[in-house]
Amino acid sequence: MTPLPDDELASGVSEALAISAGPVPAASDDVAAMRSAYEAGRARWNEPVIDLASVTNDVLRLDRCSMGVRVYRPSSDPALPALVYLHGGGFVVGSLDSHDRIMRQLCRRSGMVVVGVDYPLSPEHRHPEAVVAVEQAVLALAEAPLAYGIDPERVSIGGDSAGAHLALAATLRLRERRPGLIRFMLLYYGLYGLRDSASRRRFADEAYGLTPAELRFYDTCYRGVGADPESAASDLLSCELAGLPPAFIGAAALDPLLDDSLALANAVARAGGRAELCIYDGVLHGFLHWSRLVPTAAEALEDGARALRAALLKPPS
């Protein structure tokens with residue numbers, strides 16, 4: 001693996017990479033080992049814990065499954081706007097715990113309730129199980145606003161990496177089932193349908209943290225062997241994007257998935273929608289975890305929170 005030159009990286013990234021270095025099971029190894037290593041690697045970035053008014057765990061009883069959620073509240077206000085957040089991890093790894101600090105940051109910075117959804121992972125649960133579960137979770141939350149202290153007229157959805165993909169996919173489904181329910185999308189460095197791109201070729205080295213082999217592995221786990229690469233399961237860019245809510249799209253400049261974010265922003269604009277695209281220089285895929293050390297990560301979280309506030313917070317009367 002070729003080390004990344006320091007002059008290519010944002011402040012703090014070299015230190016973050018050094019802290020994160022350690023044995024990580026290859027994508028072809030045992031999934032349980034991958035998940036354990038991922039959780040251990042992310043745990044060190046969740047400290048110190050960010051205090052909030054309350055953080056509670058609950059279980060949603062849905063049609064097809066029961067699903068854990070974690071509700072982060074910035075205050076005791078009984079009717080706050082909500083962000084339903086979906087963690088990253090290639091559809092295979094990740095959890096509410098691995099992304100705890102990210103969700104706490106977004107809650108504190110936006111002043112909104114953040115509801116993390118522990119959606120079913122692949123390969124045990126292949127497409128469309130995760131998307132359907134997320135769709136049902138959003139509907140369940142919106143239909144019980146008093147239980148969660150949220151305003152059902154101000155619901156947004158977001159996520160990072162695979163979570164951003166699921167957020168967009170669920171919004172497309174909800175656009176047909178409950179038009180207008182989702183008011184805003186917060187999407188960080190997602191994969192939206194490109195099978196090949198300049199960024200995937202340029203940042204293919206493992207030093208950039210996400211190799212072509214890993215992307216193929218995650219895709220196979222999610223969709224299954226032999227799945228159509230142009231199906232809506234993976235190629236959200238080919239879907240009809242008209243009528244989507246406004247979006248904030250955050251991308252890492254040194255990420256193989258950079259071009260996915262650029263393509264989505266362009267496709268939304270062509271469909272007549274609104275998307276704010278922010279590209280963060282000198283950072284890699286997954287950089288939001290490094291907010292306590294990398295100023296650019298804190299900046300990206302603040303930018304997303306600012307976009308949420310502008311879209312969903314009522315101006316003072």
Side-chain angles (χ1 to χ4, degrees), residues 1 26-29 31 34 38 86-94 119 121-123 125-132 134 158-173 175 185 187-242 244 247 249-271 273 275 277-280 283-287:
M1 181 174 68
S28 59
D29 288 343
V31 169
M34 288 180 62
Y38 186 90
L86 310 170
H87 66 79
F91 311 104
V92 174
V93 301
Y119 59 85
L121 297 177
S122 299
H125 305 276
R126 298 195 191 278
H127 178 81
E129 288 188 53
V131 178
V132 172
V134 169
D160 61 281
S161 193
H165 174 104
L166 291 173
L168 177 57
T171 301
L172 287 167
R173 293 174 64 93
R175 178 187 59 185
M185 298 184 294
L187 308 173
Y188 287 109
Y189 44 77
L191 64 166
Y192 306 114
L194 296 183
R195 311 303 298 175
D196 182 34
S197 69
S199 63
R200 288 184 184 227
R201 295 189 296 272
R202 181 180 178 187
F203 305 121
D205 189 276
E206 63 179 317
Y208 292 100
L210 192 59
T211 67
E214 289 172 324
L215 286 168
R216 288 192 297 271
F217 171 81
Y218 292 134
D219 184 67
T220 299
C221 285
Y222 181 59
R223 299 189 304 122
V225 177
D228 180 2
E230 297 183 359
S231 72
S234 59
D235 187 7
L236 301 180
L237 297 170
S238 67
C239 297
E240 174 56 64
L241 300 180
L244 287 175
I249 302 173
L254 305 179
D255 184 356
L257 301 183
L258 168 63
D259 287 346
D260 279 68
S261 290
L262 272 61
L264 178 61
N266 288 332
V268 169
R270 289 196 303 272
L277 173 66
C278 289
I279 302 173
Y280 298 95
V283 290
L284 286 66
H285 190 82
F287 74 99

Quiz item: Parallel, tilted or perpendicular: which describes the rings of H165 and Y222, with under 30° parallel and over 60° perpendicular?
Solution: perpendicular

Mark yes or no for whether [X], through its side chain, and [Y], through its backbone, hold a donor-acceptor pair below 3.5 Å.
X: S261; Y: I249; value: no
X: R216; Y: T211; value: no
X: D260; Y: Y192; value: yes
X: R202; Y: P256; value: no
X: Y119; Y: H87; value: yes
X: N266; Y: L262; value: yes

Side-chain heavy-atom pair [X], [Y] within 4.5 angstrom cut-off:
X: V131; Y: L172; value: no
X: Y208; Y: D255; value: no
X: L236; Y: L264; value: no
X: D259; Y: R200; value: no
X: Y218; Y: L210; value: yes

Quiz item: Salt bridge or not for R195 and D235, using N-O below 4.0 Å?
Solution: no

Taking all non-hydrogen atoms of both residues, which atom of [X] and which atom of [Y] are closest, and how far apart?
X: G88; Y: Y38; value: O-OH, 3.8 Å
X: V134; Y: A170; value: CG1-CB, 3.7 Å
X: V92; Y: C221; value: CG2-CB, 3.6 Å
X: A275; Y: V268; value: CB-CG1, 4.0 Å
X: L187; Y: A167; value: CD2-CB, 3.9 Å
X: A162; Y: G90; value: CB-N, 3.6 Å

Quiz item: Under 6.0 Å between the ring centres of F91 and H125?
Solution: no

Spatial distance of atom [atom1] ([X]) from atom [atom2] ([Y]) [nearest 0.5 Å]:
X: E214; Y: H285; atom1: CD; atom2: NE2; value: 10.0 Å
X: H127; Y: S122; atom1: NE2; atom2: OG; value: 10.0 Å
X: L237; Y: L191; atom1: CG; atom2: CG; value: 10.0 Å
X: L258; Y: L194; atom1: CG; atom2: CG; value: 10.0 Å
X: Y280; Y: Y189; atom1: OH; atom2: OH; value: 11.0 Å

